[in-house]
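Here's the structure, in structure tokens; my notes come after.
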2 protein chains.
Amino acid sequence: MVRKPAKADVKAAASTRKPNMREAILAAAEELFSTYGFNAVSVRDIAQAAGANPGSVTYHFKTKDGLLLEIYRRHCGPMNRRRSELLAAARRVRDVQDRLEAIVRAYVLPAFTSGSDLAGGGTRFTRLRAIMSAEGNEVVRKIIAQTFDDTSHAFIDAIHESLPHIPRTDLVWRGHFLLGALYYTLVTPERVSRLSRGSADGTDAGHAIEELVRATVAALQAAPLDQGTPAPRKAASANPGRALT
Amino acid sequence: MVRKPAKADVKAAASTRKPNMREAILAAAEELFSTYGFNAVSVRDIAQAAGANPGSVTYHFKTKDGLLLEIYRRHCGPMNRRRSELLAAARRVRDVQDRLEAIVRAYVLPAFTSGSDLAGGGTRFTRLRAIMSAEGNEVVRKIIAQTFDDTSHAFIDAIHESLPHIPRTDLVWRGHFLLGALYYTLVTPERVSRLSRGSADGTDAGHAIEELVRATVAALQAAPLDQGTPAPRKAASANPGRALT
DNA sequence: TGATTATTTGGACGATAGTACAAATATGGT
DNA sequence: ACCATATTTGTACTATCGTCCAAATAATCA
């Protein structure tokens, strides 16, 4: 096809230098996958976005699945390490209520903030995980089960220690709901803006975190299902300020 | 509203006769889309699953998008009608606590139970919606905004009437979390079974509904963020049985 | 019945998918 | 400067995609 007129011109056209094409491909793939999903993005799309040749993608990552795998490898480590640190600190909080909130925050925060270099990297990767779990990608399913389940168990255990009267099963459910809410907020933040008629911004990560933490802490403390305790009556409305705490 | 009883006969003899190919294609497409997503399923996959010719799909629905559109048309009406009925009934519940629970149940229940003929139709369609929102399908985005937003507003308004001291914005967030939790449970139910080490079944719709309702009612009643009320201390642990209600 | 319409069929079209590979080029150590 | 290696490039391969179309078949009704 048409040859490039001059190497310098091409490089100048790109906003940044490209010392490491491999990194550029990874960044482009992460951005595209987290926006349109894995199936909807082609290797050629990624190559073009990275200013690379489709063959380079094959050279560096062998297959499209391999590229996705490498993205996960890049993020899982730092994110779970951050979670462990925050969880360890949260466990040391004296007050039960504060501790519970700190634990939930330790789970949610690393999903939003970047674990590595790029701004918004955490949000982007978590959105990618959300889309992947919806698409049911088989390559990713194994990584999730073997990389994230340990972290999930650690958090559930920590919560269970703070709420020993609630069966573990219920806490698993409620932690599951937390992850679903977190994913959905990252996938369709504009829905919040729309339904609130502009009084809330779904893309405001800070606000989303606070809302999510507050709602989750309340949900975790709700009476369990089995133990024959029907949802208590009237008391809540009699104590509106503090609501359910 | 009752559908043809003859439908059962047709289904029983699925391998032999095919009186209505259009319906068979719709059913196959719904099943495949809700399992693998829109992008991952080809028109030929659908045709094969329905025992039809790929050309028949084009004949009946013009395009692949048209097929998806028709699936939505089939379900949206009955589901939202059911929700309206249940919501109207829930509004008439006297006790505030019971009413709140009934409202949430009115939102969640039609998403699980079938609105039409097939068993598990409701669950399947809701799972489809979950995957579609993750894939960011443009064809569907318009339908969602114009068909489901009215319903969402109605539920938020009803909740707001029962919890007037909580700003609408917070209720929007919490309703959003509810939908995310609902979606995620339908998309990856096996995760609940895995993390609970077998003590819970993620595919048990009845149990999922109860857990979801309990957690959501508690979350809705939590103190709002802004009004300077820090999460209350100590009281919760002093009242473990009822927790946050 | 025959005539008209509705549906199904099988094959084809151009576009694009993931991947492979040889040639061209860039890089780094000596 | 040279050589060995790493990387990039251009292109080609096969497979599959959504859609289209003319012919074959089924269904409907005068």
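Per chain, numbering begins at 1; letters A, B, ... match sequence-line order.
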- For atom OH of A/Y72, is the number of surrounding heavy atoms from other residues, nucleotides or ligands below 6.0 Å larger than 12? yes
- Query: Can you check whether A/H60 has a side-chain N or O nearer than 4.0 Å to OP1 or OP2 of D/dT8?
  - Reply: yes
- Query: Got a donor-acceptor contact below 3.5 angstrom from the B/T126 side chain to the B/A111 backbone?
  - Reply: yes
- Message: Is it the case that over 12 heavy atoms from other parts of the model lie below 6.0 angstrom from the OH atom of A/Y36?
- Response: no
- Task: Answer yes or no: is there a donor N or O on one side and an acceptor on the other, between the side chain of B/R174 and the main chain of B/L220, under 3.5 Å?
- Result: yes
- Could you give the CG-to-P distance, from B/L68 to D/dG18, as a whole number of Å? 13 Å
- Query: Expressed in angstrom and rounded to an integer, what is the separation of A/E23 atom CD from D/dA6 atom P?
  - Reply: 18 Å
- Got a donor-acceptor contact below 3.5 angstrom from the B/S133 side chain to the B/A130 backbone? yes
- Task: Quickly work out the B/F33 CZ to D/dG18 C1' distance and round it to whole Å.
- Result: 12 Å
- Dot-bracket notation for DNA chain C is requested: 5' to 3', Watson-Crick or G-U wobble pairs only, both distances under 3.5 Å, with ( ), [ ], | and . as defined. .||||||||||||||||||||||||||||.
- Qualifying salt bridge (Lys or Arg N to Asp or Glu O under 4.0 Å) pairs, either residue in residues 179-191 of chain A, two or more places apart: A/E190-B/R141
- Task: Start with the C-alpha distance between A/T188 and B/H176, add both sets of side-chain angles, then the distance that settles side chain to side chain contact (heavy atoms under 4.5 Å, CB included), and finish with yes or no.
- Result: CA-CA 10 Å; A/T188 54; B/H176 188 74; 3.8 Å; yes
- Message: Does atom CD (A/E23) have a neighbourhood of more than 12 heavy atoms from anything else shown, all under 6.0 Å?
- Response: yes
- Message: Is the phosphate of C/dT16 approached by A/S42 (side-chain N or O, under 4.0 Å from OP1 or OP2)?
- Response: no
- Query: Just how far, in rounded Å, is P of C/dT8 from CD of B/Q48?
  - Reply: 17 Å
- Message: Whether B/Y59 contacts C/dT8 is assessed here as follows: a side-chain N or O lying under 4.0 Å from the phosphate OP1 or OP2. Is that the case?
- Response: no
- To the nearest Å, how far apart are B/I25 CD1 and D/dG18 P? 14 Å
- Message: Measure CG/A/N20 against P/D/dT7 and give the value in whole Å, please.
- Response: 9 Å
- Nearest-Å distance for atom pair CZ/C1', residues B/R22 and D/dA26: 18 Å
- May I have the distance from A/L32 (atom CG) to C/dG18 (atom P), rounded to whole angstrom? 12 Å
- Under 4.0 Å between a Lys/Arg side-chain N and an Asp/Glu carboxylate O for B/E70 and B/R73? yes
- Task: Mind listing the residues from residues 132-140 of chain A sitting with a heavy atom below 4.0 Å of DNA chain C? Number order is fine.
- Result: none
Can you give me the N/O atom pairs linking the protein to nucleotides 19-25 of chain D at distances under 3.5 Å, or say none if there are none?
unit_1: D/dT19; atom_1: OP2; unit_2: B/K64; atom_2: N; d: 2.8

- What pairs with B/S199 under side-chain contact (heavy atoms from CB on, under 4.5 Å), at least two apart in sequence or on another chain? A/T169, B/S196
- Message: Enumerate the salt bridge (Lys or Arg N to Asp or Glu O under 4.0 Å) contacts for residues 195-212 of chain B, please, sequence neighbours excluded, ordered by first and then second residue.
- Response: B/R105-B/E210
